[in-house]
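Read through the structure below, which is laid out as structure tokens, and then see the notes.
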Amino acid sequence: MTEIAKHFDPSSVEEKWYSYWEDKGYFYSTPDDREPYTIVIPPPNVTGILHMGHILNNTIQDVLIRKARLDGKNACWVPGTDHASIATEAKVVRKLREQGIKKSDLTREEYMEHAWAWKEEYGGIILQQLRKLGASCDWKRTAFTMDEPRTESVYKVFVDLYKKGKLYRGLRMVNWDPEAMTVLSNEEVLHAEENSHLYHVKYQIEGSDEYLTVATKRPETIMGDTAVAVHPDDEKYAHLKGKRVIVPLVNRSVPIIFDDYVDMEFGTGALKVTPAHDPNDYEIGKRHNLEVIDTINDNGTMSEAAQIHVGADRFAARKLVSKDLEAAGLLVKKEEYRSSIGRSERTNAVVEPKLSLQWYVDMKKIADPALKAVMDDEIVFHPKKYKTTYRVWMEGIRDWCISRQLWWGQRVPAWYYEDKVYVAETAEEALQQAQADDPALTMDDLKQDEDVLDTWFSSWLWPLSTFHGFQGSKEIEYYYPTNALVTGWDIIFFWVARMIMSGYEWAPTLVPEKESYPFKHVYFTGMVRDKQKRKMSKSLGNSPDALKLIADYGADGVRYGMLSCSPAGGDLLFDEKLVETGKNFCNKIWNALRLVKSFQLEDKPSSKVDELAIVWFENKFLQIVELVEKEMAQFRLSEALTSLYSFIWGDFCSWYLEIVKPEYGGTLSKATYEKTVDIFEQLMIVLHPYMPFITEEVWSSLKERAEGADCIVSTFPKTAAYDVELIKQVESLTNLVTSIRDLRNKNGMGMKEAVDLKVEKSDSSDSLFSLNGAGEMVTKMANISSLESIAPNTELSNGISFLSGNDKYVALIDKEIDVEAEKENIQKEIDYQIGFLKSVEKKLSNERFVGNAPEAVVANERKKLADGQDRLRILEENLANLM
RNA sequence: GAGAGUGUAGCUCAGUUGGUUUAGAGCAUUACCUUGACAGGGUAGGGGUCGGGGGUUCGAAUCCCUCCACUCUCACCA
């Protein structure tokens with residue numbers, strides 16, 4: 001026998017098996033006759049590195065994929081990365097700045113060269129890291145949201161939507177990020193309450209000494225005021241009808257207008273109107289034909305139009321204007337005020353409302369089928385509660401601003417000539433369109449839109465574009481729709497909802513024979529938090545280094561730890577302790593292998609005990625397989641893994657192996673050994689999706705195998721009927737063994753001290769011990785010296801009586817019995833039984849219960865009563881014997 | 001402002017259409033055992049009136065109402 005190391009060493013086997021699997025092509029999928037099982041990865045940022053969220057997310061996907069593979073399906077997990085327009089651009093700009101290069105000094109082409117170089121250098125690191133986790137992705141299919149097929153898809157979709165009138169260019173109030181200098185979608189703005197001030201400012205009424213006081217959070221926008229508004233029903237201001245006020249500091253005369261929007265109760269009931277820098281003011285401005293004066297530059301500094309403090313940052317300007325107002329005696333008061341501030345998700349800059357011309361998708365025109373699909377469970381959300389979240393958002397859906405003032409991304413496929421717009425997949429097509437209007441036009445006359453598209457405008461096509469759906473590939477007909485999507489709930493609107501909409505928008509034409517939804521199930525994972533429930537973040541430094549974790553505990557240990565604390569959709573509190581449990585579990589399995597391999601074999605028939613252990617375990621195994629299948633079908637992976645953990649640690653290691661284990665120096669029958677290897681092997685298959693490396697390693701160590709007969713491609717056991725009675729009877733035996741161990745414990749006896757066990761004759765004890773091997777099993781496991789059946793109420797000296805199930809046992813021990821302690825124990829049990837019987841009797845004496853409850857429930861209560869009475873009687877006898 | 005969710009053992013959570021021995025698991029804790037797979041092991045124990053109150057029901061952790069506490073999402077009045 002070859003020497004097996006005492007501890008499992010993950011590092012030595014993980015790399016070996018991963019490259020073996022890859023070499024064998026087990027991860028690769030091509031369409032064939034089998035049923036497909038498809039998952040597309042939520043593409044991580046191309047320049048990102050593996051963090052805990054990725055570990056969670058990708059472990060779950062790998063479990064699903066490996067299970068499908070074992071189920072004989074054609075499993076295909078498509079990996080890829082996202083170009084992450086704004087995030088990557090921010091990183092590239094920062095790096096260039098560090099090198100002393102300003103983005104504004106570069107041409108678009110030069111900049112893109114730098115960006116691609118960055119992508120080549122850092123891009124894909126995360127995909128290497130996923131391999132360390134054991135992710136069985138089909139790497140040949142690796143996609144990138146900005147590669148050629150995906151870019152082509154984006155252009156096709158843009159043109160298609162434009163032609164269908166579902167995409168337009170419009171002048172609107174947008175969310176402007178002055179730091180990234182781009183517009184943001186509503187979803188990219190995060191609102192939170194922050195401390196600020198409310199300034200009360202006096203505006204002089206033109207041609208009068210009277211003043212009107214308005215309240216504002218943003219005095220720096222005063223220079224852009226083009227009206228002051230009050231409520232039409234507000235009596236305090238009724239006399240101002242037709243009057244005008246002088247805007248402080250810039251001395252502009254503006255009208256006093258009357259508008260329902262104004263809340264009479266808030267502040268002074270008078271509102272300064274700045275149509276250029278507030279969405280509501282903009283609406284008011286439209287209603288009253290007000291001038292729009294944009295006083296803030298794209299970078300957040302005051303523009304020429306502001307007249308004063310030109311060039312100062314908006315927050316500096318706020319202080320300056322406040323001082324100016326105070327100096328002019330126009331600042332009535334400045335009070336503390338708490339209000340919600342919108343910040344850019346990426347740069348954290350305070351978002352500036354701004355009037356701008358951008359491209360939008362008209363979401364109301366594509367939302368309906370996507371909403372219906374989820375409401376009707378055509379697409380199933382796990383957990384269900386996100387259906388409501390989804391519904392509310394979809395019902396109130398607003399148009400999606402898709403253009404961004406960045407360079408890293410897909411450039412908007414629109415070309416302009418004077419006031420005409422030509423939307424086309426290529427410049428040539430755009431020119432053709434233009435020439436239809438004016439044949440004299442050349443390419444030089446057309447100017448392409450400077451903006452790029454939102455990253456999500458490429459990733460929302462992911463389930464279609466990864467299979468080259470827009471290129472007319474046959475593959476999509478095989479793989480679409482995908483089976484499951486596994487992602488965090490935080491991107492339900494950014495990504496999940498939009499993918500569903502894109503599925504229903506294009507699948508009907510791209511794959512008309514297939515269902516249109518992009519995925520059947522959506523498994524929303526929670527956010528990974530630390531033990532103190534804080535979000536894991538770089539700045540807090542509370543996020544463990546994912547790779548170090550894998551190096552320290554092994555990929556299987558990390559996968560175990562991550563899964564065992566991850567209820568679907570609920571946030572999960574990550575604790576390194578759990579990963580340690582996973583590592584210990586590997587070690588336990590490893591030592592079970594060591595034990596099995598250490599058995600000395602002999603060609604002899606299996607013993608009765610062995611036979612009982614084997615038949616019991618085989619039945620119990622089927623029960624667990626059924627449970628695991630059920631749990632996995634409901635995406636309760638954490639529960640399935642826990643079931644397997646206790647089954648392997650408890651039933652297999654603590655019971656099965658201990659039962660068949662030969663005495664020290666003894667031998668095991670070859671037949672039992674072979675059965676044990678079969679059992680062990682089956683356990684490795686069911687555990688494989690969760691812990692792929694150790695299972696493959698153990699599998700390969702258990703016996704010699706034919707080329708290609710590997711655990712990863714074996715067959716998951718089928719569910720089948722099992723003998724529930726047998727399982728129960730063995731459970732009675734293990735309970736009996738436990739009772740005897742407890743008895744030894746309580747009497748300070750070691751495992752080796754002699755115990756003679758007597759069992760009182762009864763129908764149930766007869767039945768239990770007529771089970772082949774039952775007596776031998778108890779004898780071996782509880783290490784008793786003899787086992788005998790006795791007639792009820794036999795007098796025995798120095799015996800301790802106890803109950804197991806409903807049967808009375810007496811243990812004769814060669815030791816002084818602590819009578820008082822024993823009495824106390826029995827009395828405690830008696831008290832419990834009395835309490836128990838009371839509750840049962842109460843139920844049974846209630847006529848309405850007996851009359852109304854289902855017969856089975858009543859019968860069960862009667863059995864509970866009878867059993868309880870039996871037990872109470874025995875306990876009382878036992879107590880009496882001690883007196 | 002609107003909506004959703006949560007509250008069960010010291011901690012993290014199960015508890016699947018209301019009924020299966022007067023509530024379960026893991027971790028933590030306590031006692032003991034342990035030179036023959038594993039001290040990262042084993043055996044056993046203690047610990048909860050299921051957030052409070054009310055209701056429906058023969059029967060409620062589970063359904064309804066109400067209150068309390070916390071979390072999240074969306075929308076926002078200067």
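No experiment lies behind these values; they were computed from the predicted model shown. Chain letters run A, B, ... following the sequence lines, proteins first and then strands; every chain starts at 1.
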| Does any donor-acceptor pair link the side chain of Lys588(A) with the base of rC38(B) at a separation under 3.5 Å? | yes
| Under the 3.5 Å rule, do the base of rA14(B) and the side chain of Glu631(A) count as making a donor-acceptor pair? | no
| Does anything in residues 838-850 of chain A reach RNA chain B, meaning a heavy atom under 4.0 Å, and if so which residues? | Ser839(A), Asn846(A), Arg848(A), Phe849(A)
| request: Look at the rings of Tyr809(A) and Phe802(A) and say which category their plane angle falls in: under 30° parallel, 30 to 60° tilted, over 60° perpendicular. | output: parallel
| Counting side-chain heavy atoms from CB outward, which of rG5(B), rA37(B), rU73(B) is closest to Thr389(A)? | rU73(B)
| request: Return the nearest nucleotide to the side chain of Lys6(A); candidates are rU43(B), rA37(B), rC38(B). | output: rC38(B)
| Which residue pairs pass the salt bridge (charged side-chain N to carboxylate O under 4.0 Å, His left out) test when at least one of the two sits in residues 734-746 of chain A, sequence neighbours left out? | Asp742(A)-Lys746(A)
| Among rC27(B), rG36(B), rA4(B), which nucleotide sits nearest the side chain of Lys385(A)? | rA4(B)
| message | Check for me whether the distance between the ring centres of Tyr390(A) and Phe381(A) falls short of 6.0 Å. | response | yes
| query | From rG40(B), rC74(B), rU21(B), pick the nucleotide closest to the side chain of Arg871(A)? | reply | rU21(B)
| What is the nucleic acid contact for Asp263(A), judged by heavy atoms within less than 4.0 Å: base, sugar-phosphate only, or nothing? | base
| Taking N and O atoms by type only, does the side chain of Asn745(A) place a donor or acceptor under 3.5 Å from a partner on the base of rU43(B)? | yes
| query | Ile492(A) has an atom CD1; how far is it from atom P of rA4(B), in whole Å? | reply | 15 Å
